[in-house]
Amino acid sequence: MQVRRQLAALVLLAVCADASAQSRETTHAGPCPADAGWNDPARPAHLFGNTWYVGTCGISAILVTAREGHVLIDAATEKAAPMIEANVRALGFRIEDIKYILGSHEHLDHAGGMARLQKDSGATVVASAAAATTLARGTNDRSDPQFGVLGDFPPVSSIRRIEDGDTLSLGELVLTAHATPAHTPGSTSWTWKSCESGDCRNMVYADSLTAVSANDYRFSDELAHPGVVARFRTTFNIVAQLPCDILMTPHPGASDLMARLGPAATKPLVDSTACKRYAADASARLDARLAKERSTALP
């Protein structure tokens, strides 16, 4: 029995090594146009170590692999779910080996494919309590600044609720949840370590930080939306202080992710200042939004 287990482990290692080598030699993201849509297909890409890009040109989905099973972060749109599955298989991994599907925030462009991917993989969906409520309902509510301008998505069942600082483990793989409730009340960022040839990096999947809303919503209206701006400021500080070597975001363009992948990369993949700049840019945009609100009347 022990010999069988050792042989099985060796075979698994060989398969993973072959998949990693193949991805580095023959797969890369793109070519994706600068104005890529949510559902424009992208080729899967190796990011670093056990971390892979399996999303579309316009929406990220990240696969983190381990011997004990895999983790998928975000599910893109309902239409994109089959593309994600095809990308996972193209890398040599099985959909059925995905044990957890993690959410960033509860909008249709990141959660629309979650129900399909959960059904096909048998995975447990993991999300914050606020996000889980929306995922189970399949639509957002008035606590979301974008209420009324977003479409519905297939409801998700069997959701494991997590809190800030909770960890999720598969063998040696450990992912940590960070509550970053800016873009939506349930927004969550995720961190883990990936290693490659003895070089270990801090991986950050930082959720969207943009202050986007319906036309009649005012972030500066503290009476109508108490604590929202403070929530944004706290989130910016959290993201800026994360140990951060390789930044990924739900919209790859927000972190220039496509320009940092593959043999044609024009920007470095590793950048220890990326999270600080991501937060600083978002803070500047929020300041601009607040200034605009103060100077203009409601539509």
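The figures here come from the full heavy-atom set of this structure, side chains too, leaving out hydrogens, waters and symmetry mates.
Inter-residue side-chain proximity for H110 and I59 is flagged as met; some heavy-atom pair is nearer than 4.5 Å. Using a 4.5 Å heavy-atom threshold, the side chains of N202 and C244 count as separate. H107 is not listed as a side-chain neighbour of F153, based on a closest heavy-atom distance of 4.5 Å or more. Contact of the L209 side chain with the T235 side chain is registered, since non-hydrogen atoms from C-beta on lie closer than 4.5 Å. Inter-residue side-chain proximity for S60 and D74 is flagged as unmet; no heavy-atom pair is nearer than 4.5 Å. Looking at L102 and Y100, their side chains come closer than 4.5 Å, going by heavy atoms from C-beta outward.
A donor-acceptor contact closer than 3.5 angstrom links the side chains of N39 and T77. Side chains of D207 and S189: no donor on one and acceptor on the other come within 3.5 Å. In this structure, a donor-acceptor pair under 3.5 Å is absent between the side chains of D144 and T184. Using a 3.5 Å distance cut-off with no hydrogens or angles, the side chains of H251 and D109 do pair a donor with an acceptor. Counting only N and O atoms by type, the side chains of S213 and Q146 include no donor and acceptor under 3.5 Å apart. Counting only N and O atoms by type, the side chains of T180 and S187 include no donor and acceptor under 3.5 Å apart.
Checked against the 6.0 Å centroid criterion, the rings of H225 and Y217 qualify as a close aromatic pair. Taking the six-membered ring for Trp, Y205 and W192 have ring centres at least 6.0 Å apart.
Looking at D281, its side chain never comes within 3.5 Å of a backbone N or O of Y278 through a donor-acceptor pair. Under the 3.5 Å distance criterion, the side-chain polar atoms of R289 are left unmatched by any main-chain donor or acceptor of F219. A donor-acceptor pair under 3.5 Å is absent between the side-chain atoms of Q118 and the main chain of T124, judged by distance alone. A donor-acceptor distance shorter than 3.5 angstrom exists from the side chain of E106 to the backbone of G186, with no hydrogens or angles considered. Remark: the backbone N or O of L117 is paired with a side-chain donor or acceptor of S121 at under 3.5 angstrom. A donor-acceptor pair is defined here as one N or O able to donate and one able to accept, closer than 3.5 Å; no such pair exists between the side chain of S208 and the backbone of T210.
Rounding to the nearest 0.5 Å places CG of L175 at 7.5 Å from OG1 of T191.
Between R260 and D271 there is no salt bridge, since none of the side-chain N atoms of the basic residue sits less than 4.0 Å from a carboxylate O of the acidic one. No salt bridge links K292 with D287; every basic N to acidic carboxylate O contact stays at or beyond 4.0 Å.
K267 is linked by a side chain to side chain donor-acceptor pair (under 3.5 Å) to D256, counting only residues two or more places apart in sequence or in another chain. Residues satisfying the side chain to side chain donor-acceptor pair (under 3.5 Å) test with R116, not counting sequence neighbours, are D120. Residues that satisfy the salt bridge (Lys or Arg N to Asp or Glu O under 4.0 Å) test with D221, not counting sequence neighbours, are absent from this structure.
Closest heavy-atom contact between E293 and S220: OE1-OG, 2.6 Å. Heavy-atom minimum distance, A36 versus C57: CB-CB, 3.5 Å.
Heavy atoms from other residues, nucleotides or ligands lying under 6.0 Å from CD of E78 number 12 at most.
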